[in-house]
Number of protein chains: 2
Amino acid sequence: MAGSSPEIVRKPRADAVRNRERVLAAAKAVFSAGGSEASLEAVARHAGVGIGTLYRHFPTREALYEAVYRREVEQLGDLAEQLQNAPEPVAALRRWLRANVQFVATKKGMVAALALVAAGSSELHAYSFDRLTKAIGTLLARAVAAGAIRSDISAEDVLRALIGMCYMHDQPGWQTTALRLLDVFVDGLRVQPPAKAAATAKPAKKVTSKPSRSPS
Amino acid sequence: MAGSSPEIVRKPRADAVRNRERVLAAAKAVFSAGGSEASLEAVARHAGVGIGTLYRHFPTREALYEAVYRREVEQLGDLAEQLQNAPEPVAALRRWLRANVQFVATKKGMVAALALVAAGSSELHAYSFDRLTKAIGTLLARAVAAGAIRSDISAEDVLRALIGMCYMHDQPGWQTTALRLLDVFVDGLRVQPPAKAAATAKPAKKVTSKPSRSPS
DNA sequence: TTGTAAACGGAGGATGCCTCCGTATATGGC
DNA sequence: GCCATATACGGAGGCATCCTCCGTTTACAA
């Protein structure tokens, strides 16, 4: 049978392609809302396909996460390429980092799921880690070459910090916080004194305010 | 809080107390090893009690996580208190942050589980967030008062950054990375130019080296 | 010692994961 | 346009885990 034959690939059936797409879309929607608690049966239902179909396309829960995850990573990688031509290297780096926050914001519930993936499948992790590291690498290299940023911090370091800062987002104001943290971090990266630190983000506003907790 | 009845509390039974303790210990052990995949039945078995007993003490999976989580938080809070009397405020802050990394390191598998808790139960989250925020707050306040650290970053901000940085730990060398990131972050916090940045951590060693990836 | 509230253990219903297989259909050859 | 068949579809059902419920056991107080 098909064992050693060169390739008699019959071209994938149209309905298969359509269904795969549907499941992927449904998964993204359901996971974004329900996090890692969403049942796969719910995804299948939402996609309008049988549970069997879902499992043929994505044999395991992880496989499904992976497919979604991979897309997200691609988009971020592309953004970095665009930013390569920006005039200010440090600003470009900062922009990309901030874009990540925005990015995560729209995915809310999905992050928990993605976290599980990142910890699990090491092959995918390697891929995405590599892709994102390179994305940061190019931005970082330019800034270092311009003498604006210290050279003893690697792209991986920055990636980890970024991911870390985007992780903790359950309170209402988390985005503001994450952005502020990134500024502090970037300031820490600079070679020059971080005098006008906060100014980069919000020139005129006092940032001392806190959400609603009790700082006492 | 208080109900209104005069309370005829009969004093908890000895075996109940003992079993509760056993379950808690078993849970910590099992979760630390197996992460969030460990079944509650496994915990019960490991603790040598029936599944029903486990569920009476901790009605939901979250409740069990909570109990463990709460202890960990307590310990960190206590550490902060001890550090309050340290001579160098910035160093004390840095020490506490670094201690967290160490702390997480020994809990490996449990972090995934704890992450789920943090995202779920808002009551516990509020408590621990508060406890840790205060811990950082005292350390931070001293450093600010000494004029060594900028005053526009709140304790909550620092906590978030810290948690974030400790999160991503699946690669072998994550601890080293986390510690380096914390240094950069603390440098970003400083009022004065971060000239001797890396020096605080490792006076004489060049840190430029990167693990093994391809920075190209 | 004895009565009783409190705690124990595990059977079992409910739900979700994943496999398997009979049915339906898109595709390519005629 | 029609047929043959590889390909894909759907969902029933086996298995594991979650959680509840209730009959039995046990520690405590009188």
(request) Give a yes or no on whether the ring-centroid distance for B:Phe58 and B:Tyr65 is below 6.0 angstrom. (result) no

(request) Would you please name every residue forming a side chain to side chain contact (heavy atoms under 4.5 Å, CB included) with A:Tyr55, sequence neighbours left out? (result) A:Leu40, A:Ile51

(request) Please list, chain by chain and in numerical order, all residues satisfying side-chain hydrogen bond (donor to acceptor under 3.5 Å, both in side chains) with A:Glu21, sequence neighbours excluded. (result) A:Arg71

(request) Would you please name every residue forming a side-chain hydrogen bond (donor to acceptor under 3.5 Å, both in side chains) with A:Arg13, sequence neighbours left out? (result) A:Asp15

In whole angstrom, give the distance that lies between atom [atom1] of [X] and atom [atom2] of [N].
{"X": "B:Arg20", "N": "C:dA6", "atom1": "CZ", "atom2": "P", "value": "17 Å"}
{"X": "A:Arg18", "N": "D:dT7", "atom1": "CZ", "atom2": "P", "value": "18 Å"}
{"X": "B:Glu21", "N": "C:dA7", "atom1": "CD", "atom2": "P", "value": "15 Å"}
{"X": "A:Arg61", "N": "C:dC18", "atom1": "CZ", "atom2": "P", "value": "7 Å"}

(request) Could you please name the option among C:dA5, D:dC18, C:dA26 that lies closest to any side-chain atom of A:Arg13? (result) C:dA26

(request) Measure from the side-chain heavy atoms of B:Ala16 and tell me the nearest of D:dA8, D:dC18, C:dA7. (result) C:dA7

(message) Going by salt bridge (charged side-chain N to carboxylate O under 4.0 Å, His left out), name the pairs with one or both residues in residues 40-59 of chain B, residues two or more places apart or in two chains.
(response) none

(request) Report the distance from atom CG of B:Leu139 to atom CG of B:Leu97, rounding to the nearest 0.5 Å. (result) 8.0 Å

(message) With a 4.0 Å limit, can you tell me whether A:Asn19 has a side-chain N or O closer than that to the phosphate oxygens OP1/OP2 of D:dC9?
(response) yes

(message) Give the residues of residues 40-47 of chain B touching DNA chain D, defined as any heavy atom closer than 4.0 Å, sorted by residue number.
(response) B:Leu40, B:Glu41

(message) Within residues 48-60 of chain B, which residues have any heavy atom lying less than 4.0 Å from an atom of DNA chain D?
(response) B:Tyr55

(message) Show the nearest heavy-atom pair for residues A:Ala135 and A:Ala80, with the distance to one decimal.
(response) CB-CB, 3.5 Å

(request) Keeping the roles fixed (side chain from B:Arg131, backbone from B:Arg70), state whether a donor-acceptor pair exists under 3.5 Å. (result) no

